[in-house]
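These notes are about the structure you will find just below.
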There are 2 protein chains.
Amino acid sequence: MQQRNADRTRSRILDAATDEFAALGIAGARVNRIAEVAGCNKAMLYAYYGNKDQLFDAVFTAYVEKYLEEVGFDADDLPEYAGRVFDYFEEHPHHLRLAVWYRLERPESSRLEAVLAVNASRLAELEKARRAGRIRSDFKPVELLSLVQSIATSWSSMNPEFAAAAPISRARRRRAVVTAVAKLLDR
Amino acid sequence: MQQRNADRTRSRILDAATDEFAALGIAGARVNRIAEVAGCNKAMLYAYYGNKDQLFDAVFTAYVEKYLEEVGFDADDLPEYAGRVFDYFEEHPHHLRLAVWYRLERPESSRLEAVLAVNASRLAELEKARRAGRIRSDFKPVELLSLVQSIATSWSSMNPEFAAAAPISRARRRRAVVTAVAKLLDR
DNA sequence: TGGAGCTAACCAACCAGTCGGTTACATAGG
DNA sequence: CCTATGTAACCGACTGGTTGGTTAGCTCCA
């Protein structure tokens, strides 16, 4: 096994940082701990990623890319899209936490260009589907997208109170999400 | 004007702490800044509230009490209940941030008894309404409560991307929330 | 042999929390 | 009505420890 490998070190840092940021956020994360878990010196982290904030950006960008690629979008089948969003966050609970930290700890000004672009394109797709009559709903595209997004993430690890009060299987929770979105589209 | 007033100082600290914690979370909040904004010495803060974590608890408990009192609950009119939740967080955006910080930064073990109790009682009310035939839905009470909660908070300051992409009035957003919940209950 | 990969040691700034002492105020005694 | 006294409210200054970030230099490999 080679002792020096910049790419491997970079990705080890990114992995460790993902765990740390997901668990504790930007303010709560400790650079020392990230370096320790990554099994390298703290200075490497600064050599590769600049500083703590930029490291978080790198982590968050990597997550967004993976998310967009894996989940995709389908304006013509929003219930199943919601189901895929649900699945993704069930399998990557860390990523939902990252998204929430991002919204809380990042000023509104410094939003990722990519996220804004994706939202705009999805709104356009929804509008297109509406005009083509493939979506018949009184909701505007923005309203639909916002509602679908929150419904899809309504369960997840962010709402553990409910799970504690009345345990419920993953399959059933998924079904609740999918049918809820379907009901949204009824007229 | 009197120079010494324990109650006034306590509440000034609580107000300052509410702003600070809402903006920056527990890890991000600075005790010095809270004392400065409250216009008193940092030591007072420790005399009255113990430490930083306990101060957050005091802030959060105060918010929960206000929220529960102001919003109430109505198992027989979930759409309007969702509307009230929407209104509350529109008028107190700080409080939604507090709730999210709480979920992110507090271990699952240390959840407030009051919150758990309220959830349980609401689930019971929903179940009662279902048995009485006042709610006809395929969703279980837990599913309903979870969905309603996320729909009600789907807009709010937590989803600014959508607002930026397609601005939309508060009244219309409220209507979207209320009708979405109503659609959930259709069969 | 030169530069990229890596490290130990270091630093200034900052942090939550504490401590010894001071001041305003209520009240009791004269 | 005035003043002595006890005490709760308050504060400046400090501390031990931690933080994000840097630097000087070593080591490995092309």
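Every chain is numbered from 1, with letters handed out A, B, ... down the list of sequences.
With rounding to whole Å, B:Glu36 atom CD is found 15 Å from D:dG12 atom C1'. Look at OH on A:Tyr48: it is 8 Å from C1' on C:dC6, rounded to the nearest Å. Here D:dA9 presents its C1' atom at 5 Å from CZ of B:Arg4, a figure rounded to the nearest Å. As rounded to whole Å, 13 Å separates atom C1' of D:dT19 from atom CD1 of A:Ile34. Per the geometry, CE belonging to B:Met44 stands 4 Å off P belonging to D:dC10, to the nearest Å. Atom P of nucleotide C:dG5 and atom CG of A:Leu45 are separated by 15 Å, given to the nearest angstrom.
Geometric assessment of B:Arg10 against the ring of B:Tyr49 yields a positive cation-pi assignment under the 6.0 Å and 45° thresholds.
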Between the protein and nucleotides 13-16 of chain C, are there any N/O to N/O pairs under 3.5 Å, and if so, what are the atom names and distances?
residue: C:dC15; atom: OP1; partner: B:Arg30; partner atom: NE; Å: 2.8
residue: C:dC15; atom: O5'; partner: B:Arg30; partner atom: NE; Å: 3.4
residue: C:dA16; atom: OP1; partner: B:Ala29; partner atom: O; Å: 3.1
residue: C:dA16; atom: OP1; partner: B:Lys52; partner atom: NZ; Å: 3.0
residue: C:dA16; atom: OP2; partner: B:Val31; partner atom: N; Å: 3.3

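Salt bridge A:Lys183/B:Asp186: absent, no basic N to carboxylate O contact under 4.0 Å. A salt bridge links A:Arg130 with A:Glu127: at least one charged nitrogen is closer than 4.0 Å to a carboxylate oxygen. The pair A:Arg172-B:Glu143 counts as a salt bridge, with a side-chain nitrogen and a carboxylate oxygen less than 4.0 angstrom apart.
Donor-acceptor pairing under 3.5 Å is recorded for the side chains of B:Asn51 and B:Gln54.
In terms of polar N and O atoms assigned as donor or acceptor, the side chain of B:Asn41 comes within less than 3.5 Å of the base of D:dG12 in a complementary pairing.
Distances from the side chain of B:Ala43 to the nucleotides D:dT23, C:dT23, D:dC11 place D:dC11 closest.
Separating the CZ atom in A:Arg8 from the CD1 atom in A:Ile13 is a distance of 11.0 Å, to the nearest 0.5 Å.
Close to D:dA9, at under 4.0 Å from its OP1 or OP2, lies no side-chain N or O of B:Thr9.
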